[in-house]
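One-based numbering along the sequence shown.
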Amino acid sequence: MGRITRLPDDLANQIAAGEVVERPASVIKELVENAIDAEATRITITTEYGGKKLIRVEDDGVGMDPDDARLCLERHATSKIRRADDLGAIVTLGFRGEALPSMASVSHFRLRTRPRGSPSGTEIRVNAGVLESVVEAGGPEGTLVEVADLFYNLPARRKFLKSDGAESAQISKTVTQLALCYPRVGFVLTNAGRKVLSCPPVTSVSDRLYQLYGDRPDLLPVERESGGIRIHGFVAALAEHGPTRGPQHVFVNRRIVKDKTIAHAIFDAYSVASNKERSPEVHLFLEVPPDRIDVNVHPTKAEVRFKEQSLVHEIVRRAVGDALGRSGVPELVLRTSDVLPGRPIAQTIPGVLGGGYYPNRWTTPIPSAAPAPTSTDAPAAAWRSEPVAYDPSGTAPRAAAGGLPADTAVAAAIESGQATPATPTLRPLIPLGQFRDTFIIAIDDEGIAIIDQHVAHERVLFERVMQRLTERPLESQGLLVPILLELAPAEHQALVERAAALSRFGFEVEDFGGDAIRVSAIPAILPREECDAALRALATDLEGLDRGLGIEEGLKRIAALTACHAAVKANYPLTMEKMTHILEELRATAYSTVCPHGRPVMLRITRRELEKNFERI
């Protein structure tokens, strides 16, 4: 007699249940996906004891007739596909026909369903995979599925379930993801008699995001379409002050997935602007033609395989990177203390200052309200003009070369093909001075900006260094007296191993025996007095760098540290010309709101915030 035997159906179903039904949340995911495929517009989920005692999912979908209700509990019975060719372009969430029989084999299972337009429905009960009853039953149109006492007949599986609280949290997370992906479907989640989530149907993802997370001005919209692939959604801004970790929801063709290609593209987009380790909050939706994606690669359909993996990576990276480039500046909220409660409010004098037009440099003239300027009106006309290049030697704006305003000169240069500057993400800023020789105070037409001079200059130098490296190595300055540094063994090895990469930045580093290194040249942008500290910081940072990362990641680390040590420091007085130069260079950078290490470059007090606190509005 052979040693190989055919497993009985009940045991085969229990084994299959181990792949499809991992925990209560996976049961809910499969049932909700079935309801969505059945064209449901409202789904109600009820759980008790974290789903261990009871899971009930009810929908208002198309329902099933008695024959389909019986057949849906057979393994590999499905309405989603008919032939092998259908696997090449799956457009539904479910397609294998394994979920319901797997659930029924490890629980007390009840199915009640009624097709639309039918006077009655069908109720089926199954216990541990054994059919108990099939009866005609009343009920609303749609389908109700109850899974009670999950894994009651598999104690070995049940003991590995987590606490009620942990399982409830996972259920809430799963339902949140499904609700976010299908805003036109209403969701209600109740646990132990308490309503956890309630989302009526809405028309857009942004409305559903508001239902789930409230007002989120810190999230940036993402939108891009290329190569037949569309991506849209929201990502966390660079200068967010909250925790660096956040929920990452990625949907491909409205299916919840965990994909390494997309995750790497997101990480890559953030790492271009900042070396700060982060797992940012993202809510991204990819729409890919069904014939260019394979969803039949994972038991729970949690992973997908792309036909054009590199194209997807590049589209996601560029879409997220473009959104981060439009990241705004954090705004400060002023808090005033009312030291004189009940103080009288000054009344205006009738007829005085009423209906007049009082020009300023941020507004354009109103022809119907203001007369044409005469020679005596010249100062007022100057203030009414469009913002132009700032003259550090005086207090009035000046024109660019050729007599044109600065913006007009740039536009003319672009039209003539002489220049193609990057689109600035900041308005032109006019510096007023420094606070404690550390922060630049500047203004524009929308308020007051407070800029950390060191962080701003670091951002400028970092992008300049990275841009220069694409063309040629950085300029180097040789040292008459080489620098000898004693380092820890691991740090010494990190610098020696990356000597070739460091040479691109202008460092000439070589082993000098033992744990010492010899530095015979340094970057031209790096002050000599900063060289020792910069190299020690580089050694520490590179020693902790994962050796599996590519050379580009190492170059970014070196560029960020080089820029940090070469930038102007705090407590360093700047002339008006230097402040103006830093602000103009900052405005031309791609990611002007955050430094390479993730710190904010500037904070802003908006005009509205000022007017509100001075009780002008």
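- How far OG1 of Thr580 is from CG of Leu574: 10.0 Å, rounded to the nearest 0.5 Å.
- Every residue meeting the side-chain contact (heavy atoms from CB on, under 4.5 Å) condition with Thr575, not counting sequence neighbours, appears here in chain and number order: Glu577, Lys578.
- Taking 4.5 Å as the limit, every side-chain heavy atom of Leu432 sits out of range of all side-chain heavy atoms of Met579.
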Val312 and Val252: CA distance, side-chain angles, deciding distance, side chain to side chain contact (heavy atoms under 4.5 Å, CB included) verdict: CA-CA 11 Å; Val312 172; Val252 178; over 6 Å; no
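- Atom CD of Glu223 is separated from atom CZ of Phe285 by 11.5 Å, given to the nearest 0.5 angstrom.
- Ring orientation note: the planes of His283 and His249 are tilted relative to one another, at an angle of 30° to 60°.
- Taken to the nearest 0.5 Å, the CD1 atom of Ile522 stands 11.0 Å off from the CG atom of Asp532.
- Inter-residue side-chain proximity for Asp444 and Arg604 is flagged as met; some heavy-atom pair is nearer than 4.5 Å.
- Ile266 CD1 to His313 NE2: the interatomic distance, rounded to the nearest 0.5 Å, is 9.5 Å.
- Two residues are said to be in side-chain contact when any heavy atoms from C-beta on lie closer than 4.5 Å; Phe512 and Pro482 fail this criterion.
- With respect to Val222, the side-chain contact (heavy atoms from CB on, under 4.5 Å) criterion is satisfied by exactly one of Leu324, Val316, Leu284: Leu284.
- Counting heavy atoms from C-beta on, the side chains of Asp215 and Tyr210 come closer than 4.5 Å.
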Using the rule given for side chain to side chain contact (heavy atoms under 4.5 Å, CB included), can you reason through Leu220 versus Phe234, listing the C-alpha separation, both sets of side-chain angles and the distance that settles it, and then say yes or no? CA-CA 5 Å; Leu220 305 171; Phe234 299 88; over 6 Å; no
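- One distance of note links CG of Asp445 with CZ of Arg607; it measures 7.5 Å at 0.5 Å rounding.
- Just one residue in the list Arg23, Lys162, Lys173 forms a salt bridge (Lys or Arg N to Asp or Glu O under 4.0 Å) with Glu167, and that residue is Arg23.
- How far CD1 of Ile440 is from CE of Met602: 9.0 Å, rounded to the nearest 0.5 Å.
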Determine, step by step, whether Arg587 and Glu584 satisfy the salt bridge (Lys or Arg N to Asp or Glu O under 4.0 Å) criterion, reporting the C-alpha distance in whole Å, the side-chain angles of both residues, the deciding distance to 0.1 Å, and the verdict. CA-CA 5 Å; Arg587 184 169 177 256; Glu584 289 177 349; over 6 Å; no
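- Residues Leu286 and Asn253 form no side-chain contact, since every pair of their non-hydrogen atoms from C-beta on lies 4.5 Å or further apart.
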